[in-house]
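Values in this document were obtained by computation on a predicted structure and should not be read as measured data. By convention in this document, chain letters (A, B, ...) are assigned in the order of the sequence lines, proteins followed by strands, and residues within each chain are numbered from 1.
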2 protein chains.
Amino acid sequence: MSDGRTAQVHGGESLLFLTDEQLRQGIEAMFFAYRGFTADPDRILAEMAYGRAHHRAIHFINRAPGTTVNNLLVILGVTKQSLNRVLRTLVADGLVESRVGTSDKRERHLFLTEAGKALESQLSDAQRARMRAAFRKTGPEAVAGFKQVLEAMMDTDMHHAYVNLRDGG
Amino acid sequence: MSDGRTAQVHGGESLLFLTDEQLRQGIEAMFFAYRGFTADPDRILAEMAYGRAHHRAIHFINRAPGTTVNNLLVILGVTKQSLNRVLRTLVADGLVESRVGTSDKRERHLFLTEAGKALESQLSDAQRARMRAAFRKTGPEAVAGFKQVLEAMMDTDMHHAYVNLRDGG
DNA sequence: TTGGAAAGTCAACAAGGCTGACATATGCTG
DNA sequence: CAGCATATGTCAGCCTTGTTGACTTTCCAA
């Protein structure tokens, strides 16, 4: 596995981009980029009593308004106890509304209030500004490659739950 | 900022890849991909008493053997107290060796022991396997784009500390 | 030689994961 | 209708990993 021989040439095609060193660089790039990716919203959240967990909940409620608690915890990949702690504070602070389901009254459908939408915008603007700068700097082809590689690296279960939710709603 | 008008055409060049929707998809791709990215080592770490923080320390000590605690905490972007807790357990468990500096005795130089190198290999193999699969599936051009975008998104201070460290050592 | 700065350590606290146990309301099935 | 399954909420307690504050040791420069 770690023999560094992944750089062999097969059938004349150079696989230099698959050397262990290249892969390690990819790993480190993910690490440093993720830090940058979360830095701006983190600064905003730190001023309130919120954290990254609140941001994630707000983000996905905004993207899939009316989603249920169960959907959300599959997407986020956390336990209901963990998610509930976050949702409780967001509802108490008037950022999220939880409506009893009409067809199935066991379900709670989640929506952002106006205040919730305002915070979502603030966080999203900051995060998109950095993403936009990176996209603009590197151009559409680099962005296409970026998305392809990320898709191939994803936790598929979690992502499928999300895609299905968005396709259905 | 959120007006969705970033998709204008400027001077005949389509900027469709900079729409708010495209940026939001990039944000979500980062979220889901980072989950996948950490999933495999997380599983291994969970079986021991270790977490992601231990993995990060082990990774960078392996990449820059002899680095000091101070270097490491700049790279990792955490407080020295936070890093110290992790290092203490790694040293106690015989995975990391901490040597008092020769020129400056305040400094501690960090090295992986044989056991530490073994764990590093195990974690790295798992993580590189997923990265390799993603790279192989998408090809060298996508990988190039992926790296360009990540570089542009990085926390520059932290990354520069790392680059300088590796260039110097 | 002495005071400030730097490196590292210890203690205590908070956020946000986790498991387990349990309550409530609702839906579904025999 | 009875009984089981499902969706959600809650309490308690644990762990990891971040934080700040206080402290020691060491180095360096005035």
> About how many Å separate CG of B:Leu110 and CG of B:Asn62, when rounded to the nearest 0.5 Å?
Replying inline: 12.5 Å
> Heavy-atom distance under 4.5 Å between the side chains of A:Leu150 and A:Met30, does that happen here?
Replying inline: yes
> Are any of the side-chain heavy atoms of B:Ile61 and B:Leu87 separated by less than 4.5 Å?
Replying inline: yes
> Atom CG of A:Leu83 to atom P of C:dT19: distance rounded to whole Å?
Replying inline: 14 Å
> If only atom types and distance count, is the side chain of B:Thr138 paired as donor or acceptor with the main-chain N or O of A:Gln148 below 3.5 Å?
Replying inline: no
>> Check the orientation of B:Phe32 and A:Phe60. Use parallel for under 30°, tilted for 30 to 60°, and perpendicular for over 60°.
In response: tilted
>> Please tell me whether A:Tyr34 and B:Phe37 form a close aromatic pair, meaning their ring centres lie under 6.0 Å apart.
In response: no
> Side-chain contact, heavy-atom cut-off 4.5 Å: B:Met153 with B:Val149?
Replying inline: yes
>> Heavy atoms only, 4.0 Å cut-off, all strands: where does A:Thr89 land among base, sugar-phosphate and nothing?
In response: nothing
> Contact boundaries of DNA chain D with chain B (under 4.0 Å, heavy atoms), 5' to 3'?
Replying inline: D:dT16 to D:dC27
> Mind checking whether A:Arg63 and B:Glu28 have side chains closer than 4.5 Å, heavy atoms only?
Replying inline: yes
> Quick one: is C:dG16 close enough that its OP1 or OP2 comes under 4.0 Å of any side-chain N or O from A:Ser82?
Replying inline: no
>> Return a single string for nucleotides 8-13 of chain C, one symbol per nucleotide in 5' to 3' order, where B is base contact, S is sugar-phosphate-only contact and - is none, cutoff 4.0 angstrom on heavy atoms.
In response: BBBB--
> Can you check the B:Arg52 CZ to C:dG17 C1' distance for me, whole Å?
Replying inline: 10 Å
>> Just the rounded figure in Å: distance from P of C:dC18 to CG of A:Leu76.
In response: 10 Å
